[in-house]
Amino acid sequence: MSYWEFLSEYGPRLIDGTLVTAAQFFLAAALAIVIALIAGLMKLSPYLPVRAPAVVYIEVFRGTSLLVQLYWIFFVLPLFGVSFDKFTAGFVAVGMNLGAYGAELVRGGIQSVPKGQWEAAYSLSMSPLRRMWRIILPQALLNMLPPWGNLLIELLKGTALVALISVADLMFEARQINGSTYLSAQTFGSALIIYYIFARLIITPFMRWLERVMRRKLGRA
Amino acid sequence: MFDWRWDFTWEILPRLFEATLNTMIAAGAGYAIAVVLGLVLALAQRTPWRVLTFVVREVVEFIRSTPLVLQIFFVFFVGPQFGIRLDPWTSGMIAIGLHYSAYLSEVYRGGIESVAKGQWEACASLSMSTRDTYFRIIIPQALPPSLAGMGNYLVGIFKDTPMLSVIGVAELMHTANAIGSENYRFLEPYTLVGVIFLAISLPAAGLIRVFEGWVRKKLGMQ
């Protein structure tokens, strides 16, 4: 079987898998961004009761493996009465894992905003919320965009693990096709190339574009 | 916590500790491969041969932006297709070592680039050979700034070993799966695996920081 015959026969299944991977990626990314913002801000709080839960969350999720967290959320959490279907469990685990890494980026980004910006906002008697939202966060976001680009690629790679709880993503389809055809080089090779294209031709250029747009908006072009 | 069975916990702990040892061996062996191969990949990108530099650069990018679990499957299944049979341990070590060598090559690259330009010029003016320049002058100075990154990836490789369970390497996750399906209880094994990972990776991160300070002091870079 030539590679073209292989692609015409199994290509559609690989594309189906890619669409599921894309859905997992976007949902997990959205969750990770929200969690990272909340946990990152909480970790900067001067109040211990606010800071402590964020620290525990970040250390637990960064200190253990994504695969362990995924299995725990899918197999153990139902024993506590919280059950997710496999699709939800997949992106929740990936989002929470990468959200913990993202929280550290948010914290670092906010701390990198010069002190004068805080003082200026304070002297204009902005409320703390307004100061954070209008002055600090936009500058912090620009500072942390490059590491977020890497983090999103890590997130894409993380979504491959959801195949292990039988979410029919690209990784899962590749395993299925491999199981029935034994054309391992073609199947896994194609899947690797699709992941690479997703990361290098979609995520990276998008992040570069976002950085340019934000730079312009902040008048730093 | 409700339904947590301590007798079961004590019963399975020895097996889990044994698997922890396997996990550490896997992480150590994979890291050893990555440390050496990473240096090769980093140095290959500094050669004057444009084609080699370009190819290595693309390979590193490719490895870094595709999932490790897929690479593990690739190494494990593609060999037999061409008549090379690798056991799970060997293919796991190759895959994880290769994956992290790509990351470590970036760490080394950053370290080498952080060495001041005058050091290169001094080597050239002393007409040192390329080999002496790298091994006696540049790499010793590139090491301390690389240590933090190297340490992070040591912890990273340790946390990624559970992926080896998919091809049947008997590390922690694999053992926890086995215990779970033998006893129809997943609460204790999975939770304990999480606790063991946490108990090792958190102190390890601290130890690495201490070690980094020690090396800096030894090299008089404090």
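All heavy atoms count here, side chains included; hydrogens, waters and symmetry mates do not. Protein chains get the first letters and strands the later ones, always in sequence-line order, with residue 1 at the start of each.
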Rounded to the nearest 0.5 Å, how far does [atom2] of [Y] lie from [atom1] of [X]?
X	Y	atom1	atom2	result
Tyr190(B)	Leu77(A)	OH	CG	14.0 Å
Glu154(A)	Arg64(B)	CD	CZ	8.0 Å
Ser65(B)	Ile203(A)	OG	CD1	9.0 Å
Phe75(A)	Leu187(B)	CZ	CG	13.5 Å
Phe73(B)	Thr187(A)	CZ	OG1	11.0 Å

Only heavy atoms, only distances under 4.5 angstrom. Which residues in [range] are near chain A?
range	result
residues 34-44 of chain B	none
residues 79-87 of chain B	Gln81(B), Phe82(B)
residues 171-181 of chain B	Met173(B), Asn177(B)

Where does [X] contact chain B at under 4.5 Å (heavy atoms): side chain, backbone, both or neither?
X	value
Ile153(A)	side chain
Gln69(A)	neither
Tyr182(A)	backbone
Leu183(A)	both

is_close_aromatic(Phe188(A), Phe74(B)), centroid dist under 6.0 Å: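 Not under 6.0 Å, so no.
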Part of Leu202(B) lying under 4.5 Å from any heavy atom of chain A: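 It is the side chain, since no backbone atom gets that close.
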Under 4.5 Å from any heavy atom of chain A - which part of Thr161(B):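 Neither the backbone nor the side chain of Thr161(B) comes within 4.5 Å of chain A.
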Taking everything shown except [X] itself, do over 12 heavy atoms lie less than 6.0 Å from its [atom1]?
X	atom1	result
Arg208(A)	CZ	no
Phe54(B)	CZ	no
Arg209(B)	CZ	no
Glu18(B)	CD	no

Audit row: Lys157(A), Gln71(B), side-chain contact (heavy atoms from CB on, under 4.5 Å) steps and yes/no: CA-CA 11 Å; Lys157(A) 289 161 59 183; Gln71(B) 292 167 3; over 6 Å; no
Distance-only polar pair, side chains of Tyr196(A) and Glu58(B), donor-acceptor under 3.5 Å: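 There is such a pair between these side chains.
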Closest approach of [X] and [Y], non-hydrogen atoms and distance?
X	Y	result
Lys159(B)	Ser65(A)	O-OG, 2.6 Å
Leu198(B)	Gly63(A)	CD1-CA, 3.7 Å
Val68(A)	Pro162(B)	CG2-CG, 4.4 Å
Gly194(B)	Thr64(A)	O-CG2, 3.2 Å

Residue list, salt bridge (Lys or Arg N to Asp or Glu O under 4.0 Å) with Arg109(B), at least two apart or on another chain: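 Here the qualifying residues are Glu106(B).
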Greatest number of heavy atom pairs closer than 4.5 Å to chain A - which of Phe62(B), Phe186(B), Phe197(B):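 Looking at each option in turn, the highest pair count goes to Phe62(B).
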Asn178(A) and Phe77(B), any side-chain heavy atoms less than 4.5 Å apart: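 Sidechains of Asn178(A) and Phe77(B): in contact.
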Pick from Leu156(A), Leu164(A), Leu192(A), Val60(A) with the largest number of heavy-atom pairs that fall under 4.5 Å of chain B: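 Among Leu156(A), Leu164(A), Leu192(A), Val60(A), the one with the most close pairs to chain B is Leu192(A).
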Result of checking Val166(B), Leu68(B), Val69(B) against Leu161(A) for side chain to side chain contact (heavy atoms under 4.5 Å, CB included):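 With Leu161(A) as partner, Val166(B), Leu68(B), Val69(B) yield a single side chain to side chain contact (heavy atoms under 4.5 Å, CB included), made by Val69(B).
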